[in-house]
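Data block below; observations after.
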Amino acid sequence: MRVLGLETSCDETGIALYDSEKGLLAHRVYSQIALHAEYGGVVPELASRDHVRKAQPLINEVMAEAGMTLSDLDGIAYTCGPGLVGALLVGACLGRSLAWALDIPALGVHHMEGHLLAPMLEDNPPEFPFIALLVSGGHTQLVQVDGIGRYSLLGESLDDAAGEAFDKAAKMMGLPYPGGPALSKLADSGDDSRFKFPRPMTDRPGLDFSFSGLKTFTRTTILGCAVDGVLAEQDKADIAAGFQAAVVDTLAIKCKRAMKETGINRLIIAGGVGANKRLREKLRQTAESLKGAVYYPRPELCTDNGAMIAYAGTQRLLAGERAELAVSVVPRWPM
Ligand code: KG4
Ligand code: ZN
């Protein structure tokens, strides 16, 4: 079965072609980061319009790279939530209309299910069951994955997502949007022990997270260091390093707890924050300490992409799932 995947939930237009026998045939991601940078965050209306502009040309590129035409498709999968409603509608309308014109099935996919299953696109996919840490700009969740469609939420952030905390802390330090990668780069030249950032909610039982306190701690630390409102470069780097270490430690402590409580020692990391080098290293050590292993999708499949949607959609279509012709999206949608 060959399935075209469309991801348009936020600020990336992701298009991919997945073959249930041959694997990923081609994929493209167009990031709108430059478009939103001057506003310091994603502007929903601009995001929708840009998806309209980019989706069709990217579909053409993907089909050309795979040496195929639309008539070779057996199904279409599109992200139908959660996300920005206008952005989701672009992918959903395009997906459903194409499927109708081609007389093939189309299916809406949960964005987070896509992230959860992204490691299955790699050469050595983890066996079920595994624990998944989803860390993106919109979500921080620990999920037990027993199989396709069998997900149990173990814990999640009660306030800001980890990526959102990175972005907000970075903004306070005057770093460009999106702040996560910029803050992480700055942290390389900082001393993470100078400022004692808290590790929120790690001293009580449970697998939920809270990152908004780190934001407040960052603001207070900046105010304490700044002279006439200006931070010295080394102070900035030390704050970045302290902040990053706190987020990474907190995530690692909860991952270890989840693995111990479930007895499952395979851990997968998905979502944009999964690109963080320090987090990767820490979680590798964590999994090894439990004689387990940690799995990452390659960086371009860690962030939003169409391949994960094509994969998740293929599994559901193969299982016989079908959807009605009506277009509907679900901007807020628990997993
Ligand atoms: O999964 P993603 O591409 O989009 C969604 O939010 O769905 O994740 C984007 C998030 C942003 O908050 C970005 O700052 C963060 O991932 N991020 C990072 C790094 N690379 C991306 N955070 C920390 N370190 C990084 N290297
Ligand atoms: Zn995402």
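These figures come from a predicted structure and were not determined experimentally. In listed order, ligands and their atoms are each counted from 1.
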Matching residue for Tyr296 among Leu283, Ile268, Leu301 - test: side chain to side chain contact (heavy atoms under 4.5 Å, CB included):
Leu283

Non-hydrogen atoms closer than 4.0 Å to ligand 1: which protein residues do they belong to? List them by chain and number, please.
His111, His115, Ser136, Gly137, Gly138, Gly163, Phe166, Asp167, Gly180, Pro181, Ser184, Gly271, Gly272, Val273, Ala275, Asn276, Thr303, Asp304

His110 vs Trp333 aromatic rings, parallel, tilted or perpendicular, using cut-offs 30° and 60°?
tilted

Taking the cut-offs as 6.0 angstrom to the six-membered ring centre and 45 degrees off its axis, would you call Lys171 and Tyr177 a cation-pi pair?
no

Would you say the side-chain atoms of Thr140 pair up with the backbone N or O of Ala162, donor to acceptor, closer than 3.5 Å?
yes

Measure across Cys93 and Val327 and return the closest heavy-atom pair with its distance rounded to 0.1 Å.
SG-CG1, 4.0 Å

Near the Zn ion (ligand 2), meaning under 2.8 Å, the protein N/O/S atoms are His111 NE2, His115 NE2, Asp304 OD1

Heavy-atom nearest pair, Val42 first then Cys10, reads CG2-SG, 4.2 Å

Electrostatic pair Lys215-Glu164, nearest N-O below 4.0 angstrom:
no

Using the test ring pair (Phe, Tyr, Trp, His ring centres under 6.0 Å), find all partners of His111 that sit at least two apart in sequence or belong to another chain.
His115

List for me each residue that meets ring pair (Phe, Tyr, Trp, His ring centres under 6.0 Å) alongside Phe217, sequence neighbours excluded, and say none if there are none.
Phe197

